[in-house]
Amino acid sequence: PPIPELSPGCGTPFADDWLEPYTVEWGEETVRATVTASGVEREFLLELPDLSDPNEPHPIMFTFHGYGGALDNSFGQNVIDYWPDAIAIYPQALPNAGGTRAWSFNPTGQDVSFFIAMLNDLGSRMCIDMNRVIVQGTSNGGMMSNFLGCVRADIVDGVAPAASSFPLSSDQCTGPVPAWILHGRDDTVVSFGSGEQVRDIWLSINGCEGEGEVDERGCTNWNDCSSGAPVVWCPHDGGHDLPRTAGFIDDMYAWIFSL
């Protein structure tokens with residue numbers, strides 16, 4: 001792993017009453033918090049690791065919900081169970097013009113501002129390793145992870161989209177980012193071809209060539225990319241979902257730990 005880049009909050013004891021968050025039904029270590037971005041109060045759920053050592057930097061993972069979902073949907077991905085040292089963030093999208101919650105893919109828009117506001121606010125209150133900022137999501141949330149990796153490669157250190165497409169032109173991307181991509185061959189919501197396009201875009205951005213190496217799970221790994229940012233492509237036989245029983249999620253976290 002790279003040498004940690006410490007956030008401004010490192011060295012300052014964590015204040016339990018920050019933003020006056022309240023405990024919600026999913027457990028004592030989960031709180032709902034707000035932050036103002038683009039003049040709007042935005043909500044997110046927050047799972048915290050042990051923060052007793054103010055000098056210990058923690059990785060941070062943002063998990064984005066799908067179209068029409070909410071923060072409690074993405075919370076079901078249980079990041080802390082897989083990554084106990086991480087600060088886990090579950091943001092909530094605003095309703096679109098039709099009244100449905102969905103992420104906005106404007107490079108200078110409200111959801112990029114929301115992402116930056118969360119990261120800056122949390123980084124001022126606790127010790128975050130700014131070299132381990134990971135974004136993941138499924139469907140519209142996977143599109144959001146591709147989007148943020150593309151337009152904020154200066155901040156994002158890894159993307160893990162599932163059942164997604166690429167929501168903008170790759171020429172808008174700002175640099176290479178490690179990518180772990182999951183897509184079901186029988187996905188009838190976001191086509192399998194869209195997932196293959198996501199793979200090909202990240203391969204191009206990251207400077208990956210050749211056929212890659214196929215592992216025992218059937219995932220293809222490109223580890224010798226010219227940028228140094230690897231790509232993993234994991235097709236599966238399911239549909240528009242996360243196949244948790246097949247071991248893919250364990251593989252994703254093992255890949256993240258190796259970055």
Side-chain angles (χ1 to χ4, degrees), residues 59 61-70 72-83 86 88 90 102-103 105 134-150 156-168 170 176-206 208-225 229-259:
M61 175 178 272
F62 293 83
T63 302
F64 294 93
H65 65 73
Y67 184 80
D72 55 317
N73 301 126
S74 56
F75 176 79
Q77 296 192 30
N78 304 317
V79 169
I80 291 294
D81 289 349
Y82 291 94
W83 202 359
Y90 307 92
W103 299 106
F105 305 123
I134 310 297
V135 294
Q136 68 162 344
T138 302
S139 191
N140 187 242
M143 293 171 68
M144 184 61 174
S145 65
N146 286 322
F147 168 71
L148 287 174
C150 172
V156 174
D157 301 296
V159 299
S164 73
S165 60
F166 213 86
L168 72 173
S170 61
V177 176
W180 190 95
I181 306 150
L182 180 72
H183 211 106
R185 295 183 179 89
D186 295 329
D187 193 332
T188 59
V189 178
V190 180
S191 71
F192 186 67
S194 294
E196 292 178 309
Q197 183 183 43
V198 170
R199 173 202 63 197
D200 292 344
I201 288 172
W202 283 119
L203 287 175
S204 176
I205 292 170
N206 291 357
C208 307
E209 298 180 350
E211 298 182 356
E213 297 181 3
V214 180
D215 62 26
E216 66 277 2
R217 197 84 62 192
C219 300
T220 305
N221 297 257
W222 288 267
N223 294 315
D224 296 320
C225 305
V231 174
V232 180
W233 161 246
C234 291
H236 63 91
D237 291 331
H240 194 66
D241 56 9
L242 281 173
R244 293 186 173 275
T245 58
F248 286 106
I249 305 305
D250 298 278
D251 289 352
M252 180 191 76
Y253 280 99
W255 175 81
I256 289 171
F257 299 155
S258 73
L259 295 177

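As the structure is a computational prediction, the values presented were derived from the model and not from experiment.
- Taken to the nearest 0.5 Å, the CD1 atom of I134 stands 11.0 Å off from the OG atom of S145.
- In this structure, the side-chain hydrogen bond (donor to acceptor under 3.5 Å, both in side chains) partners of S164, at least two apart in sequence or on a different chain, are N146.
- In this structure Y67 satisfies the ring-ring contact (aromatic ring centres under 6.0 Å, His included) test with no other residue, sequence neighbours excluded.
- For the ring-ring contact (aromatic ring centres under 6.0 Å, His included) test, no residue two or more places apart in sequence or in another chain qualifies with H183.
- Applying the side-chain hydrogen bond (donor to acceptor under 3.5 Å, both in side chains) rule to S194 yields the partners S191; only residues at least two apart in sequence or on another chain are considered.
- Contacts of N223 classified as side-chain hydrogen bond (donor to acceptor under 3.5 Å, both in side chains), with partners at least two apart in sequence or in another chain: none.
- Considering only residues two or more places apart in sequence or on other chains, C208 meets the side-chain contact (heavy atoms from CB on, under 4.5 Å) condition with L203, N206, W222, C225, V231.
- Across C234 and V232, no two heavy atoms sit closer than the pair SG-CG1, 3.7 Å.
- The shortest heavy-atom contact between S170 and I205 is CB-CD1, 4.5 Å.
- D241 contributes atom CG, which lies 9.5 Å from atom CG of D186 (distance to the nearest 0.5 angstrom).
- With sequence neighbours excluded, no residue forms a side-chain hydrogen bond (donor to acceptor under 3.5 Å, both in side chains) with S204.
- For S139, the side-chain contact (heavy atoms from CB on, under 4.5 Å) test picks out V190, H240, with sequence neighbours left out.
- Residue G149 comes nearest to W202 through the heavy atom pair C-CH2, 3.7 Å, listed as atom of the first residue, atom of the second, then distance.
- Note on residues 229-240: pairs passing salt bridge (charged side-chain N to carboxylate O under 4.0 Å, His left out), not counting sequence neighbours, are R185-D237.
- In plain terms, the two heavy atoms of L259 and P178 that are nearest each other are CD2-CB, 3.8 Å.
- Taking each heavy atom of P161 and W180 in turn, the nearest pair found is CD-O, 3.1 Å.
- Among residues two or more places apart in sequence or in another chain, the side-chain contact (heavy atoms from CB on, under 4.5 Å) test is passed with A70 by D72, N73, Q92.
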Stepwise side chain to side chain contact (heavy atoms under 4.5 Å, CB included) test for Y90 and V79: CA-CA 10 Å; Y90 307 92; V79 169; 3.5 Å; yes
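- For the atom pair D187 CG and H236 NE2, the distance stands at 7.5 Å (nearest 0.5 Å).
- Scored by the side-chain contact (heavy atoms from CB on, under 4.5 Å) test, E196 finds F192, R199, W233 as partners (sequence neighbours excluded).
- Taking CG from L242 and CD1 from I249, the interatomic distance works out to 4.5 Å, rounded to the nearest 0.5 Å.
- In this structure, CE on M61 lies 11.0 Å from OH on Y82, to the nearest 0.5 angstrom.
- For the atom pair CG (N140) and NE2 (H65), the distance works out to 8.0 Å, reported to the nearest 0.5 Å.
- Here D251 pairs with R217 under the salt bridge (charged side-chain N to carboxylate O under 4.0 Å, His left out) rule; sequence neighbours left out.
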From CA spacing to verdict: side chain to side chain contact (heavy atoms under 4.5 Å, CB included), W103, F64: CA-CA 9 Å; W103 299 106; F64 294 93; 3.5 Å; yes
